[in-house]
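Both counts, for ligands and for their atoms, begin at 1 and track the order of listing.
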Amino acid sequence: MSAPIYGRVALIGLGLIASSMAHAMRRANLAGEITGHARSAATRETAAEIGLVDRVCDTAAEAADGADLVVLCVPVGAMEAVAREIAPVLKPGATVSDVGSVKRAVIEAVAPHIPEGVHFIPAHPLAGTEHSGPRAGFAELFDNRWCLIVPVENSDAAATARLSALWEGMGAHVDVMDADHHDLVLAVTSHTPHLIAYTMVGVADDLRRVTDSEVIKYSAAGFRDFTRIAASDPTMWRDVFLTNKEATLEILGRFTEELFALQRAIRTGDGDHLHDYFTRTRAIRRGIIEAGQDTAAPDFGRGAASARKEG
Ligand SMILES: NC(=O)c1ccc[n+]([C@@H]2O[C@H](COP(=O)([O-])OP(=O)(O)OC[C@H]3O[C@@H](n4cnc5c(N)ncnc54)[C@H](O)[C@@H]3O)[C@@H](O)[C@H]2O)c1
Ligand SMILES: O=C(O)C(=O)C[C@]1(C(=O)O)C=C[C@@H](O)C=C1
């Protein structure tokens, strides 16, 4: 087995993404030592109990002290507080990265706290499940999924290459993207779809009172997919929408226009409009499959039995 890419890696926040990183790093011997911290004592206890990392620390600063790589794996809204706390202990030459689902807001929140001589290289693995907490992670989460690296101004090429090598070692394909472009793309492919799923499940829940639970009992596959997405962590998604406001509102505006057009077609019996629209969208799905980009996540049931929400 090859030598670790980093001597010591600190994971701040010990939820789905951090725990998957810990498993994936151990699978390929990518870190000499892994330290970890989570805000809640219960999460720290669970992490220690299952041996998730080599050392569970009571504070983020303790975990980050002396680390070669510190990865912020907390909800987007908590990034700034963590960056402020760890700043004084960061060692010169170390890299700070994150896994947040929004990039511009994280850069604005974290970059001002990064001391001179420390590299800040934001990243975002495009992989997840609806489960949270330290028991939810699994080593294969990032296999064949994208990890987007979002370099900031004057990013150090060697430090960026090293972080890319870590993500590749964890099974991901790495691409580089500008922060604003990232936030717009993710508003289309991830953030707005989540909002739609949350809304559809909310509508069904309202209707349940009318239909006496039949909506849940007879829910077809499409709706079940919505319920899986809508079971995702409320804190994480609250922060995503509050910090990727502009792009999400832009995409929601376009979505609403299209929805109204389809609504009118249904009301006026315009079958051609419906048929043409569905033909176009089917071609997009087929294009994704033909391009070999249907990277459906691995077995989502894997963490289901033990996963639980952690604070
Ligand atoms: N879940 C996904 O599908 C997914 C995918 C890619 C990226 N992300 C991003 O990864 C990050 C973590 O998401 P997750 O799914 O692992 O969440 P999670 O809820 O499973 O874990 C979050 C962890 O952060 C800890 N935490 C919260 N506030 C903290 C603070 N102030 N200090 C220290 N610890 C704190 C919690 O105790 C918990 O252990 C988020 O920024 C999210 O946007 C999530
Ligand atoms: O599959 C899921 O459960 C996810 O929601 C994962 C997903 C996505 O939308 O694809 C969610 C948020 C991320 O930041 C990255 C990945």
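Grouping Ile, Leu, Val, Met, Phe, Trp and Tyr residues whose side-chain heavy atoms lie under 4.5 Å apart, directly or via other members, places Val188 in a hydrophobic cluster with Leu184, Ile251.
A 4.5 Å side-chain heavy-atom check between Val118 and Pro92 finds every atom pair outside the cut-off.
By the side-chain hydrogen bond (donor to acceptor under 3.5 Å, both in side chains) test, His23 pairs with no residue at all, sequence neighbours left out.
When only interatomic distances are considered, the shortest N/O to N/O separation between Thr189 and ligand 2 does not fall below 3.5 Å. In terms of polar-atom proximity, Ile12 is not counted as a contact of ligand 1, lacking any N or O under 3.5 Å from an N or O of the ligand. Distances between N or O atoms of Ser232 and those of ligand 2 include no value under 3.5 Å.
The existence of a salt bridge linking Asp54 and Arg8 is excluded, since no basic side-chain nitrogen approaches an acidic carboxylate oxygen closer than 4.0 Å.
Between atom 16 (O) of ligand 1 and the options Ile17, Leu141, Thr59, the minimum heavy-atom separation is to Ile17. The residue from Gly15, Ala136, Ser132 that puts a heavy atom closest to atom 19 (O) of ligand 1 is Ser132. Heavy-atom proximity to atom 6 (C) of ligand 1, evaluated over Gly128, Gly137, Pro125, is greatest for Pro125. Comparing His191, Arg145, Arg228 by heavy-atom distance to atom 1 (O) of ligand 2, the nearest is Arg228.
For the pair Ala81 and ligand 1, no heavy-atom separation below 4.0 Å is found. The shortest separation from a heavy atom of Ala127 to ligand 1 is under 4.0 Å, placing the residue in contact.
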